[in-house]
Asks: 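Okay, handing you the structure first.
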Amino acid sequence: MTEGDEVGVPELAAGRRGRHDLHETLHDAMDEHGIDVWVSPAAPGPAPEGIDDTGDPVMNLPWTHSGLPTVTLPVDETGEGLPLGLQCSARFGADEELLGWSELLADDVGLLTE
């Protein structure tokens, strides 16, 4: 038996309501403050060395839960060569617009070369 099999219908419905409520709260804040794209750290620190661990997902949990499209951009690296990134999130359904914003942001932080 897998862990997901133990989730009942009421708990599943509450999770779906929570996703919708977060999605709406983020959209409302975007409307109120004229936000086109959210920009936040991709992780609390650099990626871990090696392939045994993908790192701490805490910074992308709100975007994953809300269902908003999100792109991560590598913006720097540590002295040890481990990547540091930013994640950009846009409105639900604005995937193509997010890609446009990501290209502009990547260019602004020097990620794209001519």
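This structure is a prediction, so every number in the text was calculated from the model and none was measured.
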Asks: As an exercise, state the distance from OG of S102 to CG of D95, rounded to the nearest 0.5 Å.
Replies: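 Atom-to-atom, S102:OG and D95:CG are 10.5 Å apart.
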Asks: Looking at every non-hydrogen atom in both residues, tell me the closest pair between F92 and P69 and how far apart they are.
Replies: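 Result for this residue pair: CA-CD, 3.9 Å.
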Asks: Would L99 end up clustered with V75 when hydrophobic side chains under 4.5 Å apart are linked, directly or stepwise?
Replies: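 Yes.
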Asks: How many angstroms lie between atom CG of D21 and atom OG of S66, to the nearest 0.5 angstrom?
Replies: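 Result: 12.0 Å between the selected atoms.
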Asks: Please list, one pair per line, the donor and acceptor atoms closer than 3.5 Å that link side chains of residues 10-17 to other protein atoms, with sequence neighbours excluded.
Replies:
none

Asks: Would you mind telling me which of D36, V39, V71 makes a side chain to side chain contact (heavy atoms under 4.5 Å, CB included) with W101?
Replies: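 Between W101 and the candidates, side chain to side chain contact (heavy atoms under 4.5 Å, CB included) is satisfied uniquely by D36.
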Asks: Working to the nearest 0.5 Å, report the span between OG1 of T64 and CE of M59.
Replies: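 These two atoms lie 12.0 Å from each other.
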Asks: Indicate the atoms forming the closest heavy-atom contact of C88 with V37, along with that distance.
Replies: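 So the two residues come closest at CB-CG2, 3.8 Å.
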Asks: Please report the interatomic distance CZ(R91) to CG(D31), rounded to the nearest 0.5 Å.
Replies: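 One finds 4.5 Å between CZ of R91 and CG of D31.
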Asks: Between T72 and T70 (side chain of the first, backbone of the second, donor and acceptor by atom type, cut-off under 3.5 Å), is there such a pair?
Replies: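 Looks like no, no N/O pair under 3.5 Å.
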Asks: Once rounded to the nearest 0.5 Å, what's the spacing between atom CG of N60 and atom NE2 of H65?
Replies: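 NE2 of H65 is found 13.5 Å from CG of N60.
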Asks: Which atom pair, heavy atoms only, marks the closest approach of L98 to A90?
Replies: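 Shortest heavy-atom contact: CB-CB, 3.8 Å.
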Asks: About how many Å separate CG of L86 and CG of L105, when rounded to the nearest 0.5 Å?
Replies: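 It is 8.0 Å, given to the nearest 0.5 Å.
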Asks: Answer yes or no: is there a donor N or O on one side and an acceptor on the other, between the side chain of Q87 and the main chain of W63, under 3.5 Å?
Replies: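 Pair absent, no side-chain N/O of Q87 close to backbone of W63.
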Asks: Classify the ring geometry between H23 and H27 as parallel (under 30°), tilted (30 to 60°) or perpendicular (over 60°).
Replies: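 Because their plane-to-plane angle lies in the 30° to 60° range, the rings of H23 and H27 count as tilted.
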Asks: Minimum heavy-atom separation for A106 to L73, with atom names?
Replies: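 A106 and L73 have their closest heavy atoms at N-CD1, 4.1 Å.
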